[in-house]
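Data block below; observations after.
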Amino acid sequence: MIDASVQAIPGLLVWFVPIALCLAVPTALIACARRKPVTVRVLLAVCSAGILAVTLLPADGGPVGDGAVCDLSSPFPQMPTSSSALLNVALFAPASFFAALVFPRPLTILAVTSVGSGLIELFQAEGAMGRSCSATDIVANTTGSLIGVAAGTVWCRRTGRRVTGRAKRDALWGATLAVTGSAALAATFHSSVTPYIPLTERPGFAAEQRAIEGADTWITEAAAYVFGKGTRVEQTVVAKHSGLVTAKTNRGEITGWWPEKKLEEAASTDNRAEPGSLNQTQAEEVSTRFVRRWFPAEVLGAKRTVHVSGSGNSAVYLFAYRRYTKGLMMPMRLNVTVTSSGRIMNFTARALKDPKLPESTVSKDEAARLARTNTGHTAQGAVLLARKVKGQGWRPVWMMGAENGDVSIDAVTGLRIPQGTLARYPADVRMSPASRR
């Protein structure tokens, strides 16, 4: 509540002085007229002015316009070590001390200051003041009041002043005010104030943190494997809703899905092929070790092809893994690029399970004829593969290239499939493994 009041409240001292004068001057005049001690009453008025100035003046920082919100989480065990809570204790103790010297009703004073503290927090929660409301402040304020009243009572006993006029009446008034005031405040808070629960105390926070830590460990291990020794992870970002994990390192960037533990892609910052001595067979061994370690289920039964770019000690090998069922290419995709030095330059993966598909009835030649009929051009390079069609799910599709673009023919119905109805995959659109199935 007052942790940064001096900085957050514009002109705190400028406001405090007139408030103090408005309270102190009438108090002094009344005390003189009634022939009562003036100094202690003026000090009580000044301390009360300080409470009003610090707690109820609008501040520059805080949730203005966010509705009535209050942090009602437990103030323990952090309160004794909280600087803000200790400042609240120090703020309320002097006023309660002087109040105990002026009014011989310690229990009533304690009840009034405690309920008053709750009212202050309610104003802070309800009003667009830029202030924050919390149960910790209420407890700290009440603690300060208790200390002040206790100190004032002890002072009165030692100086021979009257501590209380009628103990029973004081107890009755104090209990009545405490019970009725607390009940009224509790009802108001319950009906009109939204409780704010700190992130660390929300259900599942600990489990979520453990999950995030697990994702960080996993993606760090993957980055070290892909980019090699000396890899330093500079930043890890976990998208909580989608589960996409991205690690930026000194050698490149790698992404994957958590908690599925499925890598998606990685790219080295250095995309130049450094000279090396590995031939194609040795580069295949590097790729095989990598896919068996990180994609064992995906490459099971997959066919591997290789495309070689360059020659000699600067050759780069692109290994493509595809799985086929009855000549139909399944949606799993895995490409791994290995340099002749044995470095994995990059990889891309689409780790999808084989979908259930209806039996294909349209042959390759028939698909080419249908494509020519639909486009007026001869189609070439027909490939039968599984594609997800909007509104239909997974379908066997013949894809061909024509003069005016790609043509897709449903391998069951023979109908042309508009390109806009074909689902898009990474690297077009990122989707979690669960949402791709």
Side-chain angles (χ1 to χ4, degrees), residues 213-239 243-323 329-352 425-428 430-433:
E213 291 172 2
D216 184 81
T217 301
W218 170 73
I219 201 69
T220 298
E221 179 185 357
Y225 188 102
V226 173
F227 299 126
K229 294 181 180 179
T231 299
R232 300 188 309 276
V233 175
E234 299 170 346
Q235 182 184 23
T236 301
V237 178
V238 181
L244 184 68
V245 186
T246 303
K248 296 181 180 180
T249 77
N250 60 319
R251 294 182 174 178
E253 186 172 307
I254 184 170
T255 61
W257 300 99
W258 182 266
E260 293 88 353
K261 294 185 178 181
K262 296 294 184 182
L263 294 179
E264 179 172 89
E265 63 181 353
S268 299
T269 304
D270 183 6
N271 57 7
R272 295 172 298 177
E274 66 279 2
S277 59
L278 270 62
N279 56 31
Q280 180 175 323
T281 301
Q282 293 169 321
E284 285 179 1
E285 293 176 356
V286 174
S287 177
T288 300
R289 286 195 299 270
F290 170 70
V291 298
R292 286 179 177 175
R293 169 67 177 83
W294 298 99
F295 301 95
E298 286 72 21
V299 298
L300 187 63
K303 179 182 178 181
R304 181 183 64 207
T305 58
V306 59
H307 175 76
V308 183
S309 177
S311 60
N313 63 358
S314 61
V316 176
Y317 304 92
L318 172 61
F319 297 97
Y321 297 82
R322 303 289 186 268
R323 189 164 49 246
M329 186 188 300
M330 290 292 130
M332 187 279 294
R333 302 285 188 272
L334 178 58
N335 299 323
V336 182
T337 303
V338 181
T339 67
S340 56
S341 67
R343 178 172 66 92
I344 297 176
M345 182 181 292
N346 58 66
F347 74 84
T348 58
R350 189 200 300 168
L352 300 182
Y425 303 110
D428 298 321
R430 293 189 184 276
M431 298 183 297
S432 68

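It should be emphasised that the depicted structure is a prediction, and the values quoted were computed from it without experimental measurement.
For the residue pair T337/N346, the side-chain donor-acceptor check at 3.5 Å is satisfied. Between the side chains of T288 and R304, at least one donor N or O sits under 3.5 Å from an acceptor N or O. With 3.5 Å as the limit, one finds a donor-acceptor pair spanning the side chains of R322 and N335.
The aromatic ring centres of F290 and F347 sit less than 6.0 Å apart.
When all heavy atoms of A215 and V245 are compared, the pair lying nearest together is CB-CG2, 4.0 Å. Taking each heavy atom of A223 and I254 in turn, the nearest pair found is CB-CG2, 3.9 Å. Shortest non-hydrogen contact noted between P275 and S341 is O-CB, 3.8 Å. I219 approaches G256 most closely through the heavy-atom pair CD1-N, 4.1 Å. Across all their heavy atoms, A273 and V316 have their closest contact at CB-CG2, 3.3 Å. Taking each heavy atom of V286 and G342 in turn, the nearest pair found is CG1-O, 3.7 Å.
Separating the CG atom in N271 from the OG1 atom in T339 is a distance of 12.0 Å, to the nearest 0.5 Å. Note that CD of E298 is 7.0 Å distant from CZ of R323, once rounded to the nearest 0.5 Å. Residue T249 holds its OG1 atom at 6.5 Å from CD of E234, rounded to the nearest 0.5 Å. The NZ atom of K262 sits 15.5 Å away from the CG atom of L244 when rounded to the nearest 0.5 Å. Atom CE of M330 is separated from atom CZ of R350 by 12.5 Å, given to the nearest 0.5 angstrom. Separating the NZ atom in K303 from the CE atom in M329 is a distance of 9.0 Å, to the nearest 0.5 Å.
The closest side-chain heavy-atom distance from R251 to D270 is not below 4.5 Å. For the pair W294 and V299, the minimum side-chain heavy-atom distance is 4.5 Å or more. Side-chain atoms of Y317 and Q280, non-hydrogen and from C-beta on, do get closer than 4.5 Å to each other. A heavy-atom distance below 4.5 Å is not found between the side chains of V238 and D216. Side chains of E265 and T348 form a contact here, defined as non-hydrogen atoms less than 4.5 Å apart.
Between the side chain of T246 and the backbone N or O of V237, no donor-acceptor pair lies under 3.5 Å. Without hydrogens or angle criteria, S268 side chain to G252 main chain gives no donor-acceptor distance under 3.5 Å.
Checking Y225, W257, W218 one by one against L263, the side-chain contact (heavy atoms from CB on, under 4.5 Å) holds for a single residue, W218.
The existence of a salt bridge linking K261 and E221 is excluded, since no basic side-chain nitrogen approaches an acidic carboxylate oxygen closer than 4.0 Å.
The neighbour count for R272 CZ, taken as heavy atoms of other residues, nucleotides or ligands under 6.0 Å away, does not exceed 12.
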